[in-house]
Amino acid sequence: MKTSPAPAAAASPDKDALAEFILSFAQALLRAGYYFPEHPQAQRAKEGLYQRFRNLFHGRNELTLMVQALGETTGVLVEGALPEPQKLTALMPAGMADVYAPRLAHFLERHDLVSLTLNEGMAEDEFSRFIDVMSEPGSEGLDAKGKERFLARLQESGVGHFSLVFKEDVVTADRKLPWRAQLAISRLRKDLTHVPIFHDLDEAGLRALRREILHDVLRPVARADLLAAILMNSDLAETHEASAAEIEEELAHSVPDPLVLPTARAALQVYLPAAEVEPEAAARQRRALLTLLLHPRSKDPPGVLELVRDLYDRGLVELEQLPAALKAQVTLERDTDRFLSDREAALKALEQAATGADYAPRADALVRLVPELVRRGLLDEVLVIVTTVRGHAALGGERAPAAEQALARLAIGEPAAVLKDRFVNGKKEDRLTLGPVYQAIGERGRPHLVSILEESQDAWVRKNAAEVLLRMGPEGTQAVLAELAGGRLPPDAIAELVMVLGELRADAPEVRKALSQHAQHREPRVRQEAAWALCRIAGAAEEPLFLRLLDDPAPEVRQRALRCLRTARCAGGLARVVDMLERVEGHPALEAFEPQLYAALPELAEASGGQGGHVEALLIERLRDSAPHGLLRRARHPLTDDAFAAVCDALGFAGTPAALEALKDLTGHLKEPARQHVARAIERLEARRH
């Protein structure tokens with residue numbers, strides 16, 4: 001049974017264009033050698049070739065053909081025009097590949113070439129002359145001097161945008177290098193050697209050209225392991241024109257940012273074993289590795305500073321070599337360790353600094369430790385430092401301005417960011433410790449707390465931030481009120497802030513005004529929290545509001561209003577509650593509310609004092625209707641045991657002789673526990689009479 005061949009990979013326009021050019025290029029090299037350059041056949045072999053060459057480049061400015069040993073045969077690898085290197089046999093249709101791939105490989109081998117690179121900077125006449133010189137009889141199989149003459153011939157012909165690496169140019173040091181890295185180092189050394197030959201430039205121009213050569217050599221190399229091999233063996237490319245250190249510096253500049261970290265890690269794997277067996281090589285490799293990692297960049301690629309820090313911790317990098325930011329961090333950690341080892345001495349020295357000039361550097365040095373202490377979770381130490389400095393600022397005198405300036409530094413830059421991050425993302429205990437820290441920082445820390453109110457989605461974080469603001473005094477309270485009025489907060493956040501105002505009893509005219517407004521908010525939760533906050537702040541003074549909220553459409557608001565009446569012991573609450581009880585039947589909303597209304601009776605009655613009159617009469621009637629001889633008249637809605645007890649207690653607190661007479665009349669008709677409730681009410685009434 002025959003199997004169908006696997007389908008070839010789908011061709012792309014770029015691949016087709018590349019295959020077409022290489023085919024034409026191979027034909028031109030092979031045919032042009034038979035004729036003088038002026039011969040029509042030689043000219044015809046080059047027709048359209050340059051334009052096909054120019055069409056290859058889309059931001060990739062070189063095309064390289066490399067001879068690669070494949071067992072007993074050789075192949076050609078094409079690099080530069082496409083994102084990935086391509087085997088020539090994979091680019092061409094099978095029939096043409098069988099014919100021209102071996103011919104091109106043979107042509108390059110006859111010239112002892114390992115790689116041939118064409119730069120897109122070639123002009124058309126330069127490109128044509130390159131074909132002519134490469135195809136000249138006698139240009140193959142040359143010795144070293146012959147090859148130098150051959151290169152000089154290219155120079156005389158005005159050809160400069162190319163690179164040739166002969167077999168003898170390949171570095172052959174006893175190092176196990178990947179073939180691609182070995183070839184790149186060989187080309188680099190060859191091209192750097194010939195810079196002065198092909199270019200008449202001053203030192204600055206030559207330096208720029210050497211950088212360009214390095215970029216051209218490295219651009220196609222997109223694997224970190226290959227870049228690491230080139231970097232760690234860059235001494236093999238050293239010439240009189242460029243030292244190994246200069247090459248390493250340019251290599252570090254040329255490695256793309258995304259490849260810096262993986263290249264460094266791959267290089268580290270080479271360096272560490274070498275450090276044990278080849279100290280001289282290890283010193284050079286460490287220099288190369290650090291050159292890559294410590295090369296100045298506008299922005300360090302992710303992970304690079306962490307690796308540098310790891311190398312520092314291993315003793316492979318000196319403190320003075322570290323980047324400024326990392327050096328500052330390491331120094332900060334050292335200073336923090338010293339402070340923690342003898343905290344009392346540091347604080348004593350601060351306390352003993354009598355003049356502003358002596359105090360300022362000591363205070364700054366301690367405040368500078370705050371971010372690191374926060375990162376370590378040592379918030380109690382932060383509190384000690386900040387409150388100590390705050391105390392010196394509050395005492396006045398020569399030290400006070402310096403203490404204020406030291407505290408001001410905590411409200412800007414990294415210290416402010418670290419404190420805010422821990423407050424937002426830390427535990428509740430962290431926020432409780434940081435609250436006094438923010439209070440010590442004072443008004444400069446207030447904007448950060450306000451931003452937490454606006455940004456945080458965590459109810460506890462917002463609540464704790466509001467508590468700190470309110471403890472900061474009138475300005476902090478005003479900041480909270482501004483947030484409430486700003487219209488930026490969702491209802492839940494508004495309710496939380498209102499609740500905090502009540503919990504801290506932040507009494508002020510503007511607070512009461514704001515709470516009264518929020519007692520009319522569209523959201524029930526806001527209304528009930530505003531009522532409760534006013535209850536805790538103003539008490540019975542807000543009785544009219546609580547009575548009005550007893551008619552609120554939301555059950556939870558009605559319940560909170562009743563709780564406020566009871567807690568504030570509002571005298572006017574009893575009559576209103578009794579009135580509502582009279583209207584219970586036939587009102588589903590009131591029926592659901594009935595147990596709470598009865599439960600409120602004793603406290604409201606005690607607050608009202610002896611009233612008698614209509615309210616007392618209604619309560620007495622309710623007791624009689626609930627007694628056994630009244631069941632025929634009110635069988636559909638008898639009092640529960642709890643309600644019966646509540647009415648008795650209410651009469652005991654607010655009844656008159658009329659209530660006493662009614663209770664005594666009921667005693668003979670009741671059983672326990674109802675009789676016990678009536679007896680307690682009678683006892684309380686008689687005690688009030690005497």
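What you see is a predicted model, and the numbers here were worked out from it, not measured in a lab.
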| Between E280 and Q285, is a side chain to side chain contact (heavy atoms under 4.5 Å, CB included) present by the stated rule, with each step listed? | CA-CA 9 Å; E280 184 176 344; Q285 291 178 347; over 6 Å; no
| request: Let me see the working for N425 and V461 under side chain to side chain contact (heavy atoms under 4.5 Å, CB included), right down to the final yes or no. | output: CA-CA 8 Å; N425 298 310; V461 172; over 6 Å; no
| task | Report the C-alpha distance between V76 and Q68 in whole Å, list the side-chain angles of each, state the deciding distance to 0.1 Å, and finish with yes or no for side chain to side chain contact (heavy atoms under 4.5 Å, CB included). | result | CA-CA 6 Å; V76 177; Q68 184 180 27; over 6 Å; no
| message | One pair to check against side chain to side chain contact (heavy atoms under 4.5 Å, CB included): L183 and S115. What are the steps and the verdict? | response | CA-CA 8 Å; L183 188 57; S115 77; 4.2 Å; yes
| task | Tell me, with the steps shown, if R129 and D132 meet salt bridge (Lys or Arg N to Asp or Glu O under 4.0 Å). | result | CA-CA 5 Å; R129 291 193 296 274; D132 294 338; over 6 Å; no
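A 4.5 Å side-chain heavy-atom check between L294 and P323 finds at least one atom pair inside the cut-off. Using a 4.5 Å heavy-atom cutoff, the side chains of L113 and F107 are not in contact. In this structure, the side chains of D112 and E168 stay at 4.5 Å or more apart for every pair of heavy atoms. Side-chain contact between F21 and L49 is present, with heavy atoms from C-beta onward closer than 4.5 Å. Counting heavy atoms from C-beta on, the side chains of L290 and V317 come closer than 4.5 Å. Side-chain contact between Q86 and L77 is absent, with no heavy-atom pair separated by less than 4.5 Å. Within the 4.5 Å cutoff, side-chain heavy atoms of V171 are placed close to those of Q182. Within the 4.5 Å cutoff, no side-chain heavy atoms of V424 are placed close to those of D458.
Closest approach of L292 and V260 over heavy atoms only: CD2-O, 3.9 Å. Shortest non-hydrogen contact noted between L164 and L116 is CD2-CG, 3.7 Å. Pairing each heavy atom of A184 with each of V217, the nearest pair is O-CG1, 3.6 Å. Minimum interatomic distance between L236 and R189 (heavy atoms only, all atoms of both residues): O-CD, 3.0 Å. L379 and R422 get closest at one heavy-atom pair: CD1-CG, 4.2 Å. Of all heavy-atom pairs spanning N119 and G121, the tightest one is OD1-N, 2.7 Å.
Side-chain contact, Q51 with E124: no donor N or O sits under 3.5 Å from an acceptor N or O. Side-chain atoms of R52 and S24 include a donor-acceptor pair closer than 3.5 Å. In this structure, a donor-acceptor pair under 3.5 Å is present between the side chains of R153 and S157. At a cut-off of 3.5 Å, with distance as the only test, a side-chain donor of T117 or T64 sits close to an acceptor on the other residue.
Looking at D335 and R368, a side-chain N of the basic residue comes within less than 4.0 Å of a carboxylate O on the acidic one, giving a salt bridge. Residues E248 and R284 are not paired through a salt bridge, judged by the lack of any N-O separation under 4.0 Å between the basic side chain and the carboxylate. With salt bridges taken as basic N to acidic carboxylate O contacts below 4.0 Å, none links K147 and D143. Electrostatic pairing of R375 and E372 counts as a salt bridge here, judged by a charged N lying under 4.0 Å from a carboxylate O. By the 4.0 Å N-to-carboxylate-O rule, E84 lies too far from R223 to be salt-bridged with it. A salt bridge is absent between D310 and R265: the closest approach of a Lys/Arg side-chain nitrogen to an acidic carboxylate oxygen does not fall below 4.0 angstrom. Ion pairing of R187 with D169 is absent here, as no side-chain N (NZ or NE/NH1/NH2) approaches a carboxylate O to less than 4.0 Å. One finds no salt bridge joining K427 and D430 here, because no Lys/Arg side-chain nitrogen approaches an Asp/Glu carboxylate oxygen to under 4.0 Å.
For K46 (side chain) and I131 (main-chain N/O), no donor-acceptor pair under 3.5 Å exists by modelled atom type. In this structure, E246 contributes its side chain and S243 its backbone to a donor-acceptor pair below 3.5 Å. Side-chain N or O atoms of N233 include one that pairs as donor or acceptor with a backbone N or O of A229 at under 3.5 Å. R431 contributes a side-chain N or O that, together with a main-chain N or O of G426, makes up a donor-acceptor pair within less than 3.5 Å. Formation of a donor-acceptor pair under 3.5 Å by the Y50 side chain with backbone atoms of M122 is found in this model. Under a 3.5 Å cut-off, the side chain of E126 and the backbone N or O of G160 do form a donor-acceptor pair. T263 places no side-chain N or O within donor-acceptor distance of the main-chain N or O of A228, the cut-off being under 3.5 Å. A donor-acceptor pair is defined here as one N or O able to donate and one able to accept, closer than 3.5 Å; such a pair exists between the side chain of S234 and the backbone of L231. The backbone N or O of M134 sits less than 3.5 Å from a side-chain atom of H111, completing a donor-acceptor pair. Judged by distance alone, with hydrogens and angles left aside, the side-chain atoms of H448 form no donor-acceptor pair with the main-chain N or O of K420 at under 3.5 Å.
Checking each of I452, L449, L453, L489 against R462 for a side chain to side chain contact (heavy atoms under 4.5 Å, CB included) leaves exactly one that passes, namely L453. When each of E320, E318, Q321 is checked for a side chain to side chain donor-acceptor pair (under 3.5 Å) with K327, only E320 meets the rule.
The environment of CH2 in W460 is sparse: at most 12 heavy-atom neighbours from other residues, nucleotides or ligands sit within 6.0 Å.
Annotation: the span from R297 atom CZ to D300 atom CG amounts to 6.5 Å, rounded to 0.5 Å. To the nearest 0.5 angstrom, I247 atom CD1 is 8.5 Å from D235 atom CG. The distance from the CZ atom of R180 to the CD1 atom of I185 is 10.5 Å, given to the nearest 0.5 Å. Note that OG1 of T291 and CZ of R286 are 11.5 Å apart. Values are rounded to the nearest 0.5 Å. Rounded to the nearest 0.5 angstrom, L108 CG and R103 CZ are separated by 14.5 Å. L214 CG to L192 CG: the interatomic distance, rounded to the nearest 0.5 Å, is 6.0 Å.
For R309 and Y312, the positive end is not near the middle of the six-membered ring at less than 6.0 Å and at most 45° from its axis.
Using cut-offs of 30° and 60° for the angle between ring planes, the H295 and H253 rings count as perpendicular.
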